[in-house]
Amino acid sequence: MDLVETARAVRGNAHAPYSGFKVGAALRAASGRVYAGVNVENAAYPEGTCAEAGAIAAMVAGGDTRIAAIAVIADCPDPVPPCGGCRQKIAEFADGATPVTMATVAGASVTRRLDELLPGAFVASHMPR
Ligand code: THU
């Protein structure tokens with residue numbers, strides 16, 4: 001199953017009672033393993049987490065550390081872009097050339113390099129140690 005279809009398959013499990021906006025994400029790690037996540041909202045609104053964050057947390061728990069490709073899907077008019085915070089979270093484990101596929105439930109999709117979505121990303125190499 002490709003990443004968009006994996007993201008689509010898990011999206012229905014999203015916990016989004018407050019926004020009503022269910023999001024699914026799936027990523028392929030450098031190992032080839034696929035990890036998925038959904039948004040998980042909370043009655044204390046700021047405590048909610050995005051679908052991409054869930055997929056990344058699953059990846060790290062699974063012992064992988066590099067994202068080869070990632071996809072995100074929602075039911076919206078245009079392919080859903082990762083929020084700014086998720087772009088930064090993806091950048092922690094990906095390269096500028098990593099493809100990010102944004103999709104709609106209706107079947108539209110667009111793929112962009114991460115460095116098109118987050119030019120000039122702040123990464124670990126900016127910090128002298
Ligand atoms: N959301 C995501 O899961 N990923 C994004 O990149 C955009 C936003 C979620 C967060 C919240 O649960 C809902 O969509 C509305 O913002």
Side-chain angles (χ1 to χ4, degrees):
M1 199 185 297
D2 78 6
L3 291 179
V4 171
E5 291 312 308
T6 300
R8 182 194 298 276
V10 297
R11 178 183 161 273
N13 296 330
H15 178 71
Y18 308 107
S19 72
F21 190 69
K22 293 188 168 193
V23 184
L27 67 83
R28 179 169 292 103
S31 67
R33 291 183 67 188
V34 171
Y35 299 93
V38 296
N39 53 331
V40 180
E41 297 181 350
N42 191 283
Y45 292 0
E47 300 304 328
T49 52
C50 286
E52 298 91 324
I56 290 168
M59 178 191 77
V60 174
D64 279 301
T65 55
R66 298 303 297 170
I67 299 172
I70 185 166
V72 55
I73 190 169
D75 187 8
C76 46
D78 299 307
V80 62
C83 76
C86 284
R87 295 176 197 209
Q88 183 68 31
K89 290 180 175 73
I90 294 166
E92 180 73 12
F93 302 103
D95 301 323
T98 300
V100 179
T101 297
M102 300 159 275
T104 71
V105 165
S109 80
V110 60
T111 299
R112 296 277 180 261
R113 291 168 54 111
L114 178 61
D115 59 12
E116 293 180 89
L117 299 178
L118 189 64
F122 175 75
V123 293
S125 61
H126 289 106
M127 292 185 285
R129 285 186 254 190

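Because the structure is predicted, anything quoted here is derived from the model rather than measured. Counting convention: from 1, in listed order, for ligands and their atoms alike.
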Interfacing atoms of ligand 1 (cut-off 4.0 Å, heavy-atom, Pro82): 6 (O)
Shortest protein contact, atom 11 (C) of ligand 1 (heavy atom only): Glu41 OE2, 3.3 Å
His126 and Phe122 aromatic ring geometry - parallel, tilted or perpendicular at 30°/60° bounds: parallel
Atom 10 (C) of ligand 1: the protein heavy-atom neighbour that sits closest, reported with distance to 0.1 Å: Cys50 SG, 3.9 Å
Sub-4.0 Å atoms of ligand 1 with respect to non-hydrogen atoms of Glu52: 2 (C), 3 (O), 4 (N), 5 (C), 6 (O)
Check: Gly24 main-chain N/O paired with Arg8 side-chain donor or acceptor under 3.5 Å: no
Protein heavy atom under 4.0 Å of atom 16 (O) of ligand 1: no
Minimum heavy-atom distance between Val100 and Pro82, given as atom pair plus value: CG1-CG, 3.9 Å
Atom 9 (C) of ligand 1 - nearest protein heavy atom and its distance: Asn39 ND2, 3.6 Å
Donor-acceptor pair, side chain of Asn39 and main chain of Ala16, under 3.5 angstrom: no
Side chains of Arg87 and Pro81 in contact at under 4.5 Å (non-hydrogen atoms): yes
Residues Asp95 and Arg113 bridged, charged N to O under 4.0 Å: no
Close N or O approach (Thr49, ligand 1; < 3.5 Å): no
Nearest non-hydrogen protein atom, atom 14 (O) of ligand 1: Phe21 CD2, 3.4 Å
Under 4.0 Å to a heavy atom of Cys83 - the qualifying atoms of ligand 1, by number: 5 (C), 6 (O)
Ligand 1 contact on Ser19 by region, counting heavy-atom pairs under 4.0 Å: side chain
Short N or O distance, Ala51 and ligand 1, threshold 3.5 Å exclusive: yes
Joint cluster assignment, Val40 & Val10, ILVMFWY side-chain distance < 4.5 Å: yes
Hphob cluster co-occupancy, Val34 + Val72, side-chain heavy atoms under 4.5 angstrom: no
